[in-house]
Amino acid sequence: MEIITLLKDKVAEVIKELYAAEVNDKMIQFQKTRKEFEGDFTLVVFPFLKIAKKGPEQAAQAIGEELEKNVDEISNFNVVKGFLNLKLTDAYWVDFLNAISKQEKFGIVAPETSGKTIMVEYSSPNTNKPLHLGHIRNNLLGYSVAEILKANGHKVLKVNLVNDRGIHICKSMLAWQKWGSNETPESTGLKGDKLVGNYYVRFDQEYKKEIAALMASGKTEDEAKDQANLIQEAREMLRNWEAGDIEVNELWATMNRWVYKGFDVTYKAMGVDFDKIYYESETYKLGKAIVLDGLEKGILIQKEDGSIWADLTADGLDHKILLRSDGTSVYMTQDIGTAHQRFSEFNLHHHTYVVGNEQNYHFQVLKLVLKKLGHDWSDNINHLSYGMVELPEGKMKSREGTVVDADDLIEEMVLTAKETSLELGKLEDMSDADASNVFNMIGLGALKYFILKVDPKKTMMFNPQESIDFNGNTGPFIQYTHARIKSVLRKAENAGFTVEGDVTNAIMLSKKEQDLTKLIFDFPETIAEAGRNHSPAVVANYIYDLAKEYNQFYHDHSVVKEENADKRAFRIQISKKVADTIKLGAMLLGMEVPERM
RNA sequence: GCCCCCAUAGUUCAAGGGAUAGAACAAUAGUUUCCUAAACUGUAGAUACUGGUUCGAGUCCAGUUGGGGGUACCA
């Protein structure tokens, strides 16, 4: 990064000298030189034209000449239209590689050095059904964003707020009670979350039947939905739960335990974890005091029936209820309470919520209400709003059975990885345990990369057939590149070609060697950008580019077989760094890379 | 109705207001006596429409069309 700062300073000096004018930092725009042109960094000269009172090419030429004279690192320059392309010396790039080769984690900011604490809430499942593809996107994003923020030097707390109470939970409980005949995960051999999910579906089926029957007897749909015995019973169960009824609470605890056991398996398979787990059953009453306080201060309003509201019409939004007329809280109340609790307990600088974009309005309101209540830290709440995952046949709907189950999908990916590997037969001498470890890495790598390479905020398409592809812009492509480099490095070591100390900077680099080095140079900025944008896609696309660039380099350069010892040393060194960088980048995505595949 | 988001090759994705819009898959033509061919190299193919701002627009603004989401004393 230092080179850019240096160049910017020099440009400012040169402009001052040539045109006797001061320029601000914003006017000095450096960008990477596009591949089709000769050069490393490009200065956009359009902003200087008014000062220079010259045409773009003339101005660029003049600035280029001065820079070349004054900066040792610049070997030459060229001008295309208003773009001044600067080429650095090969020696600069070799020295750069030498310098970063001494850093084991080049690009990663040392842990917890930024002085900031950031909380990332993600996953937040309901305990009435198993995790599906939508949850996978949430979990992978949350985990990865947390890792990326860590790599930017922040202290990060990963938290999960489990939705373990409410009418929807009572539905599966009630169905189990009615039709479960004491089934347990043990007795059925089913994962706990799957078992409970089945009863949630069962409730819905029976409920629909009842509605149909009521409508046949002349009720309207709304009346039928409201008056059905099943929903009445579920409501009563929720009241009993809240009243502390022992039997209901025991059933609730038991069924939730089943679900958690099932979730743990899925979380483990996805490779995600949490520093702290919150349960809604313990937090759902939070926020009430804050709302009442807001009412007292005249910030909120109360209607005749006693319900408390925020009037957001002045901000272009609606009225939003914060406490029901019976004094109970809504989701928003809880979020106000938990946010307050977290910011004060952990002294947070920032809090990111990984939640789907259907909640955009909710978070808009949350931030606004907190702000109105006088909590300035509301500005530090960030809703990482991600798009839905769609299937070729349309949206996933749990009740219509068009969901892609998380466990099934992972299993399928790993199985395909295994089949492909066996076909290629490269791992035949590996132990079964090691090989199955590799299959796991590849299957999950394919899935994780597929999901994370897409900009989080965009709706994405998941086509089960295509997504299982392991060629091209995929996780396995990146993993393969890593494995191949590792193989080359093993061969180098066996041949006794270990690189001790610095590579001489007196060598000439080929275009590909320069390009690879420049890509490595971009890694720190990539991590910074991914952090700023909360976007794993930035990292994913970067490691893909890097792997692709390496494969091209590899295709027409010998590494171990290169006879010139200095060139060989450089190539071994750059190969090593590419492997390290791929590995670090993949780690930020929660993706492992194998030594062989 | 009102509010928000999105629209790029046949398909799935890229492109911090900058140069000739990149990849991959699919299609098609090639590359293994040589460090892993899950690789590499060709060919063909795209900014929904109409205006505007700018030296410069896929990117910013307005409108049109098409898609998604939200708008509950649900979570």
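A note on names: the letters A, B, ... follow the listed sequences, proteins ahead of strands, and every chain is numbered from 1. None of these values were measured; they are calculated from a predicted model.
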Tell me: CG of A:N473 to P of B:rG22, nearest whole Å? 16 Å
Tell me whether the OP1 or OP2 atom of B:rA7 has a side-chain N or O from A:K458 closer than 4.0 Å. yes
Centroid distance below 5.5 Å plus an interplanar angle below 30 degrees: do A:Y554 and B:rA39 meet both conditions? no
For A:F30, report the nucleic acid contact type (base, sugar-phosphate, nothing); a contact means any heavy atom under 4.0 Å. base
With a non-hydrogen cut-off below 4.0 angstrom, is A:M460 in contact with a base, only sugar-phosphate, or nothing? sugar-phosphate
Nearest-nucleotide pick for A:R596, side chain only, options being B:rU41, B:rU36, B:rC25: B:rU36
A:K32 side chain near B:rG16 phosphate (N/O to OP1/OP2, under 4.0 Å): no
Select base, sugar-phosphate, or nothing to describe what A:V80 touches, counting heavy atoms under 4.0 Å on all strands. base
Think A:N541 has a side-chain N or O under 4.0 angstrom from the OP1 or OP2 of B:rA23? no
NA contact type, A:A483, heavy-atom cut-off 4.0 Å: base, sugar-phosphate, or nothing? base
Does the base of B:rA38 carry an N or O that pairs as donor and acceptor with the side chain of A:T481 under 3.5 Å? no
Distance under 6.0 Å and angle within 45° of the ring axis: does A:K303 meet both against A:W309? yes
With the stacking rule set at 5.5 Å and 30°, tell me whether A:F46 counts as stacking on B:rG18. yes
Just call it for A:Q359: base, sugar-phosphate, or nothing, with non-hydrogen atoms closer than 4.0 Å on any strand. base
Please classify the nucleic acid contact of A:K548 as base, sugar-phosphate, or nothing, using heavy-atom distances under 4.0 Å. sugar-phosphate
Scan A:I442 against the nucleic acid and name what it touches under 4.0 Å (heavy atoms): base, sugar-phosphate only, or nothing. base
Taking OP1 and OP2 of B:rC35, is either one under 4.0 Å from a side-chain nitrogen or oxygen of A:R490? no
Here's one to test your reading of the geometry: is the NZ or CZ of A:R165 within 45 degrees of the ring axis of A:Y284 and under 6.0 Å from its centre? yes
Nucleotide B:rG70, atom P - distance to NE2 of A:H319 in whole Å: 22 Å
Distance-only, no hydrogens or angles: does the A:D469 side chain make a donor-acceptor pair with backbone N or O of A:T474 under 3.5 Å? no
In whole angstroms, the gap separating P of B:rC40 from OH of A:Y544 amounts to 7 Å
Nearest listed nucleotide, side chain of A:H168, among B:rA38, B:rA75, B:rC13: B:rA75
Hey, does A:K81 reach any base, or is it just sugar-phosphate, or nothing, if we go heavy atoms under 4.0 Å? sugar-phosphate
Only one of A:F46, A:F41, A:F37 forms a ring pair (Phe, Tyr, Trp, His ring centres under 6.0 Å) with A:F83, so which one is it? A:F46
Can A:F37 be said to stack with the base of B:rA19, given centres closer than 5.5 angstrom and planes under 30 degrees apart? yes
Pick base, sugar-phosphate or nothing for A:N463, based on heavy-atom distances below 4.0 Å to the nucleic acid. nothing
A:P476 side chain: which of B:rU12, B:rG18, B:rA38 is closest? B:rA38
In whole Å, measure the gap between the P atoms of B:rA29 and B:rU64 for me. 48 Å
Would you say A:R165 places a side-chain N or O within less than 4.0 Å of OP1 or OP2 belonging to B:rC74? no
Need one value for A:V560: base, sugar-phosphate or nothing, where a base atom within 4.0 Å counts as base even if backbone is also close, heavy atoms only. base
Indicate whether OP1 or OP2 belonging to B:rU20 is found under 4.0 Å from a side-chain N or O atom of A:K35. no
Just how far, in rounded Å, is P of B:rU11 from CG of A:L391? 18 Å
Using a heavy-atom cut-off of under 4.0 Å over every strand shown, decide if A:S421 touches base, sugar-phosphate, or nothing. base
Which part of the nucleic acid, if any, lies within contact of A:D335, taking any heavy atom under 4.0 Å across all strands shown: a base, the sugar-phosphate backbone alone, or nothing? nothing
Of B:rC35, B:rG18, B:rC13, the nucleotide closest to the side chain of A:V44 is B:rG18
Would you call B:rU32 syn or anti, using the 90° rule around 0? syn
Euclidean distance, atom NE2 of residue A:H362 to atom C1' of B:rC5 [Å, nearest integer]: 18 Å
Pick base, sugar-phosphate or nothing for A:Y361, based on heavy-atom distances below 4.0 Å to the nucleic acid. sugar-phosphate
Hey, does A:T42 reach any base, or is it just sugar-phosphate, or nothing, if we go heavy atoms under 4.0 Å? base
Please give the distance between the C1' atoms of B:rA62 and B:rA46 as a whole number of Å. 25 Å
Backbone of A:Y200 reached by a side-chain donor or acceptor of A:N128 within 3.5 Å: no
